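Please read all numbers here as calculations on a predicted model, not as lab measurements. Letters A, B, ... mirror the listed sequences (proteins, then strands); counts begin at 1.
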There are 2 protein chains.
Amino acid sequence: MTLDEAWRILRENQYKRTKNRDSILHFFSKNDRYLTALDIRNFMENENPGISFDTIYRNLTTFTELGILEETELGGERRFRMHCDPGVHHHHFICTSCGKTRNIPHCPMDIITVHLPNHEVEGHKFEIYGKCPTCVA
Amino acid sequence: MTLDEAWRILRENQYKRTKNRDSILHFFSKNDRYLTALDIRNFMENENPGISFDTIYRNLTTFTELGILEETELGGERRFRMHCDPGVHHHHFICTSCGKTRNIPHCPMDIITVHLPNHEVEGHKFEIYGKCPTCVA
DNA sequence: CATGGAATCGTAATGATTCCTATTTAAAAG
DNA sequence: CTTTTAAATAGGAATCATTACGATTCCATG
């Protein structure tokens, strides 16, 4: 997703354009990987050294709810990345060292027919973990 | 996995038979669902009201390392369940209300052929979330 | 530029998990 | 059955990620 698309969604939902949101989104748009709240905090060292974690988490939650970011959990902490292709459902290979991802176009739900009578399916998760070429070397 | 199998593994690895371990394993063997550290704490109300979280987590880690338990993360906390069938790789439907599970015999890794050149695959996760028949009603 | 509500800051609070040290216990040896 | 010793535990403090909150600042609209 581009910055313009993200801001269009935010505007449509009456969210204000602030310096923090601009910086955070810009950081995500430059990084094709899953990032932590601390990553963002560190990146803001220059732009806004005093940024509150409250602000970071609040915006991460907002962005995720609006579908601008997608979220996962790795090593006991929440991680976020720019929702790469909002229209097309897909999954990820995730590097456990650097958080970098690689798309997996297939979805097991399309292939696996599971019989779950009377169950109410809400969602699913399919992720492959490992080391990306850079971190292998 | 049965209690006997669990204790055989523990014995083989020189772990002592303690009252806490007995209680915890017994609790897991009776519950076909993912449980939190707090669930265990509450269950021990009778058997050992003063049990330390250190003890709980230490044993959960040990059991998981030995393959007696399997672990996942749900709603920001770690959950554990008895490793249902150590020989046969499988996945789970997990109830987001009560943690109860249902086996999914298929594995997406067997079906999906992903091209990940130079990547080092360490593992994967496939889980379906929702409400079990009991929690739907 | 005045106004009102959204957004933020700074810090305190929370909840899950881990660390630390003195004490207790399992089980092996005598 | 006692002694011995390393493993296991209790209790509480510490840590880490995350959230809550009151006071202040900022964005957008008129």
If you assign Thr61(B) and Lys16(B) each to the DNA chain C nucleotide with the nearest heavy atom, which residue ends up on the more 5' nucleotide?
Thr61(B)
How many whole angstroms separate atom [atom1] of [X] from atom [atom2] of [N]?
X	N	atom1	atom2	answer
Leu10(A)	dA6(C)	CG	P	15 Å
Asn48(B)	dT9(D)	CG	P	9 Å
Leu35(B)	dT17(C)	CG	P	13 Å
Ile40(B)	dT17(C)	CD1	P	10 Å
Tyr57(B)	dA14(D)	OH	C1'	15 Å
Arg11(A)	dC27(D)	CZ	P	16 Å
Glu77(A)	dG15(C)	CD	C1'	16 Å

At under 4.0 Å, does any side-chain N or O of Thr18(A) touch on OP1 or OP2 of dC26(D)?
no
Any Arg21(A) side-chain nitrogen or oxygen under 4.0 Å from OP1 or OP2 of dA7(C)
yes
Cationic N near anionic O, under 4.0 Å, Glu71(B) to Arg78(B)
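Yes, Glu71(B) and Arg78(B) are salt-bridged.
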For Lys16(A), is there any backbone N or O sitting under 3.5 Å from a side-chain donor or acceptor partner on Arg21(A)?
yes
Could you tell me which non-hydrogen atom of Cys84(B) sits nearest to which non-hydrogen atom of His90(B), and how far apart they are?
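Result for this residue pair: SG-NE2, 3.0 Å.
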For Phe53(B) and for Asn20(B), locate the closest nucleotide of DNA chain D by heavy-atom distance; then report the residue assigned to the nucleotide nearer the 5' terminus.
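It is Asn20(B), whose closest nucleotide lies nearer the 5' terminus.
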Let me see the working for Cys98(B) and Thr134(B) under side-chain contact (heavy atoms from CB on, under 4.5 Å), right down to the final yes or no.
CA-CA 9 Å; Cys98(B) 69; Thr134(B) 307; over 6 Å; no
Selected nucleotide, minimal atom distance to [X] side chain, candidates [options]:
X	options	result
Thr55(A)	dC9(C), dT17(C), dA27(C)	dC9(C)
Asn59(A)	dT8(C), dG12(D), dA20(D)	dT8(C)
Ser52(A)	dC9(C), dT18(D), dT17(C)	dC9(C)

So what does [X] touch, heavy atoms closer than 4.0 Å: a base, only the sugar-phosphate, or nothing?
X	result
Ile51(B)	sugar-phosphate
Arg58(A)	base
Arg78(B)	sugar-phosphate

I need the His92(A) NE2 to Tyr129(A) OH distance, nearest 0.5 Å.
12.0 Å
